[in-house]
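Model, not experiment: these values are computed from the prediction. Computed over heavy atoms, backbone and side chain alike; hydrogens, waters and symmetry mates excluded.
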Amino acid sequence: MSEENIPETDNLSASVSVHSNQDGLKKDLSDLETNEQHVIDIPQKPASAYIAVCIFCLMVAFGGFISGWDTGTIGGFLAHPDFVGRFGSKHSDGTPYFSNVRTGLLVSIFNIGCCVGAVFLGRLGDMYGRRIGIVLAVIIYIVGIVIQIASVDKWYQYFIGRIVAGLGSGTIAVLSPMLISEVSPKHLRGTLVSCYQLMITFGIFLGYCANYGTKKYNNSIQWRVPLGLCFAWALFLIAAMFFVPESPRYLVEAGKIEEAKRSVAQSNKVSIDDPATIAEVEIIQVAVESERAAGSASWGELFQTKTKVLPRTIMCVMVLALQQLTGCNYFFYYGTIVFNAVGMSDSYETSIVFGIVNFASTFVALYVVDKFGRRTCLLWGAAGMVCCMVVFASVGVKSLHPHGDDGPSSKGAGNCMIVFSCFFIFCFATSWAPIPFVIVSESFPTKIKAKGMAIGTVSNQLWNFCIGFFTPFITGAIDFYYGYVFLGCLVFAYCYVFMFVPETKGLQLEDVNIMWEEGVLPWKSSAWVPPSQRGADYDAQELANDDKPAWKRMVGKN
């Protein structure tokens, strides 16, 4: 089909101007896809053809490295003598120490900054574009790092610097996955968005290594050098924004149709005049025009039930909360104690072991997320972590200290706990670590995507703050019984995913919106077909109804 046969932009705009709700959007998309069925789908090319777009998305995903670097370094800072001497409290004999409260505040206030940044600065991507929004967020992050490095002996100055750095990091956490999801080829979207988590784990690992490399110093080099390296990571991310393509959805919203075509063509390795490129941009135009006709987005739209946005909001809040409630940070917190039981007393070496397992396992996630789907990976990941947590917590409670807490530890029990803690991290890194970011980045309509992702980020960071702040108090009170709390959360996570999280593998972002509007049951969502690919015998209602109770589906009963 020639380009002249493709409807012009003005005609498309006119065709949607009469629609002021999502029903109009679904009808326009369905009609366009039906009329242009053989050019709607952009042809898939060999994997080697997508090397450039993969590199671009890795550069965007480097925003996750910044967050991971902070996670990997702050724990080591709290153990550095110079850092404790400058910012800690003093015992009566003058010995410096960090109280549980100050430890929790210094570690976790970064997450509060992330929450504020996600809510109030996430809109930068809608105002100035995803790339410029990321650049502005990085500048804010740099200001926070400067405040921290300039701190001499006032802990509250360092505290303020972490809040400001968190503002930038929280904004990046919204815009980086968003940009990746909007420029990725749909069949690679899950893998490329998961690269954001890969960069987080890479940052954690290198942060651990940086702490290990500076521990021999006895002055501020211990913590100022790792902080100073943040400038290098920040400048790299800013430079990367000059090379990656801008989001075609933002460009359409800004009226830059030709640039949107170039972005789609660059990401999918087709020409700008290819009918598939034109059709893809026109689908985006239809969605944008329909959303524009409905008026500007407000926070209240996240709670609409007619367009099924409220269930999506709840789902995204839940999966990002449950990511923290899996107990991943609990393992990192207890790593030193468990490894001490088998003679590994260097906490820096302990951190590096867990960092290696975490980072290496995330590579597996890049394969499985688009191979087996988001929903399947989350279910299997939760099941695997349940098994690991049962063994870890039970052995810790019953066998690690057979002669009481003051007696010697059991080396056999310690070895068992190390093995299952590594298995746990593997299960987490291949499923619940990256996939919640994928789900959130592709679940909302473009109009409210920034707000939806901001709410999800707030949920994630608030739970991160709570776990980081309260864990020292809880573990001091109930010790390894704390693992059973996370065990209950993991069982709940499995049930929640089965009941409420649909499969979105391989779908265009606009198709995801249609699937939600049609009310497809999550456990039937893998069989859902976009309007352009449906045959005459396709029954959309059948996927929205099920006579069998969901709990029977969950346990496999007929």
[X]: what forms a side chain to side chain contact (heavy atoms under 4.5 Å, CB included) with it, not counting sequence neighbours?
{"X": "Ala239", "answer": "none"}
{"X": "Lys371", "answer": "Tyr367"}
{"X": "Asn460", "answer": "Leu320, Gln323, Gln324"}
{"X": "Leu462", "answer": "Ile112, Cys115, Val458"}

Considering all heavy atoms of both residues, which atom of [X] and which atom of [Y] are nearest to each other, and what is their separation?
{"X": "Phe56", "Y": "Phe243", "value": "CE2-O, 3.6 Å"}
{"X": "Ser263", "Y": "Pro245", "value": "OG-CB, 3.8 Å"}
{"X": "Ile172", "Y": "Ala137", "value": "CG1-CB, 3.7 Å"}
{"X": "Ala173", "Y": "Thr457", "value": "CB-CG2, 4.2 Å"}
{"X": "Gly122", "Y": "Leu175", "value": "O-CD2, 3.6 Å"}

Subject >> Pairs satisfying side-chain hydrogen bond (donor to acceptor under 3.5 Å, both in side chains), at least one member in residues 131-152, at least two apart >> reply: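 Those involving residues 131-152 are Gln148-Tyr158.
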**OP:** Please test Asp70 against Phe110 for side-chain contact (heavy atoms from CB on, under 4.5 Å), starting from the C-alpha separation and ending with a verdict.
**Re:** CA-CA 9 Å; Asp70 180 85; Phe110 183 83; 3.6 Å; yes
Between [X] and [Y], is any pair of side-chain heavy atoms under 4.5 Å apart?
{"X": "Gln157", "Y": "Val152", "value": "no"}
{"X": "Phe231", "Y": "Ile149", "value": "yes"}
{"X": "Ile134", "Y": "Ser176", "value": "yes"}

Original post:
Among all residues two or more places apart in sequence or in another chain, which pass the ring pair (Phe, Tyr, Trp, His ring centres under 6.0 Å) test with Phe159?
Top reply: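 Here the qualifying residues are Trp155.
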Original post:
What is the distance from atom OG of Ser220 to atom CG of Leu227, rounded to the nearest 0.5 Å?
Top reply: 10.5 Å
Just to verify, what does [X] make a side chain to side chain donor-acceptor pair (under 3.5 Å) with, not counting sequence neighbours?
{"X": "Arg262", "result": "none"}
{"X": "Arg86", "result": "Asp82"}
{"X": "Arg189", "result": "Glu442"}
{"X": "Trp528", "result": "Glu518"}

N/O donor to acceptor pairs below 3.5 angstrom from side-chain atoms of residues 190-198, sequence neighbours left out:
{"from": "Thr191", "atom 1": "OG1", "to": "Leu366", "atom 2": "O", "distance (Å)": "2.6"}
{"from": "Thr191", "atom 1": "OG1", "to": "Asp370", "atom 2": "OD2", "distance (Å)": "3.0"}
{"from": "Ser194", "atom 1": "OG", "to": "Gly190", "atom 2": "O", "distance (Å)": "2.7"}

**OP:** Classify the ring geometry between Phe359 and Phe363 as parallel (under 30°), tilted (30 to 60°) or perpendicular (over 60°).
**Re:** perpendicular
Original post:
Under the salt bridge (charged side-chain N to carboxylate O under 4.0 Å, His left out) rule, what pairs show up with a residue in residues 170-183, not counting sequence neighbours?
Top reply: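 Counting only pairs at least two positions apart or across chains, the salt bridge (charged side-chain N to carboxylate O under 4.0 Å, His left out) contacts touching residues 170-183 are Arg130-Glu182, Glu182-Lys449.
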